[in-house]
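Here the structure is a predicted model, which means the values were calculated and not measured. Sequential numbering from 1 along the given sequence is applied to the chain's residues.
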Amino acid sequence: LELIFNNTNIWANAQIPNPAKVRFDLDNIDAWHPFISGWKLDEPIKPFYPPRATLGPPPQPDRCKAMEDTIKKEVQAGMTAARSELGLQTEFDEKLVEVLRKGLEKLEGVYAKWTDPSKREFDAWKANLIAAT
């Protein structure tokens, strides 16, 4: 894993490029070098090419669920391994996992739609999460 990007920046990985060992703290400039630094964009970067009219049929729900389960297992394995190196045990609270999954869905809505209502919905979820912790 050498680069990651979103609609605001591109970061170059300064760590070992093994995805299982990468730490995703983008504020750590020793681990990630931002291509754009020192300023924030007022709005997302617009694509310079027209989007394709069709990208093909959407994946089947069972395929999406299988991919989600695989990603979840890999993230949990990576977190467990990283904490184990520090001598820490790790347990995952499925209720918290579900709360975070819902938050990620809301955040995806913010980035996919970039509308005020979707951003307000995510901000409300984030405030509730902070209040509950």
Side-chain angles (χ1 to χ4, degrees):
L1 182 63
E2 296 177 4
L3 295 171
I4 60 174
F5 63 93
N6 65 14
N7 60 339
T8 62
N9 210 336
I10 301 171
W11 291 267
N13 182 7
Q15 309 162 77
I16 296 171
N18 180 340
K21 296 185 179 190
V22 170
R23 297 186 190 266
F24 292 93
D25 178 6
L26 298 179
D27 294 324
N28 180 350
I29 60 171
D30 293 328
W32 293 97
H33 298 287
F35 279 62
I36 302 169
S37 62
W39 56 279
K40 299 260 185 197
L41 297 173
D42 294 331
E43 60 182 63
I45 297 171
K46 304 286 189 227
F48 58 88
Y49 55 88
R52 291 185 184 184
T54 59
L55 297 175
Q60 296 296 316
D62 58 333
R63 172 90 170 113
C64 291
K65 178 68 174 130
M67 290 170 58
E68 180 180 324
D69 290 344
T70 299
I71 292 168
K72 178 181 169 186
K73 287 176 187 172
E74 289 180 12
V75 168
Q76 287 180 339
M79 291 172 66
T80 301
R83 289 177 51 84
S84 179
E85 289 178 12
L86 301 172
L88 302 171
Q89 292 184 347
T90 305
E91 293 181 23
F92 296 94
D93 181 340
E94 287 304 316
K95 289 179 185 174
L96 179 59
V97 169
E98 183 61 21
V99 168
L100 293 174
R101 186 189 63 73
K102 288 180 181 178
L104 286 173
E105 286 177 1
K106 292 182 186 309
L107 184 60
E108 183 177 14
V110 170
Y111 287 122
K113 301 172 193 164
W114 205 257
T115 63
D116 286 338
S118 62
K119 180 155 180 13
R120 282 195 303 272
E121 187 177 327
F122 175 74
D123 289 342
W125 172 88
K126 185 175 173 183
N128 289 335
L129 178 64
I130 291 169
T133 56

If the threshold is 4.0 Å, N to carboxylate O, is there a salt bridge linking K102 and E121? no
Is the CZ atom of R23 crowded by more than 12 outside heavy atoms at less than 6.0 Å? no
Are K65 and D69 within salt-bridge range, i.e. N to O under 4.0 Å? yes
Can you sort out the partners of D123 under side-chain hydrogen bond (donor to acceptor under 3.5 Å, both in side chains), two or more places apart, ordered by chain and number? K119
What's the verdict on salt bridge (Lys or Arg N to Asp or Glu O under 4.0 Å) for E98 and R101, showing C-alpha distance, side-chain angles and the deciding distance? CA-CA 5 Å; E98 183 61 21; R101 186 189 63 73; 2.4 Å; yes
When you compare the side chain of F24 with that of W32, does any pair of heavy atoms fall below 4.5 Å? yes
State, yes or no, whether a side-chain contact exists between I16 and V22 at a heavy-atom distance under 4.5 Å. no
Sidechain-backbone polar pair: R83 side chain, T90 backbone, donor-acceptor under 3.5 Å: no
Which residues pass the side-chain hydrogen bond (donor to acceptor under 3.5 Å, both in side chains) test with K21, sequence neighbours left out? none
If you measure from CD1 on I29 to CH2 on W11, what distance do you get to the nearest 0.5 Å? 14.0 Å
Please check if the number of heavy atoms outside E2 that lie under 6.0 Å from its CD is greater than 12. no
Report the C-alpha separation of Q15 and N13 in whole Å, then their side-chain angles, then the decisive distance to 0.1 Å, and conclude whether the side-chain hydrogen bond (donor to acceptor under 3.5 Å, both in side chains) test is met. CA-CA 5 Å; Q15 309 162 77; N13 182 7; 3.2 Å; yes
So, for P34 and N9, which heavy atoms are closest and what is the spacing to 0.1 Å? CB-ND2, 3.6 Å
Does L104 belong to the same Ile/Leu/Val/Met/Phe/Trp/Tyr cluster as L100, with side-chain heavy atoms less than 4.5 Å apart forming each link? no
Rounded to the nearest 0.5 Å, how far apart are NZ of K106 and CH2 of W125? 9.5 Å
When clusters are formed by joining ILVMFWY residues with side-chain heavy atoms under 4.5 Å apart, either directly or through shared neighbours, do M79 and L96 land in the same one? no
Quick check for you: to the nearest 0.5 Å, what is the distance between L26 atom CG and I4 atom CD1? 4.0 Å
V97 and K72, any side-chain heavy atoms less than 4.5 Å apart: yes
Quick one: does T70's side chain have a donor or acceptor within less than 3.5 Å of a partner on A66's backbone? yes
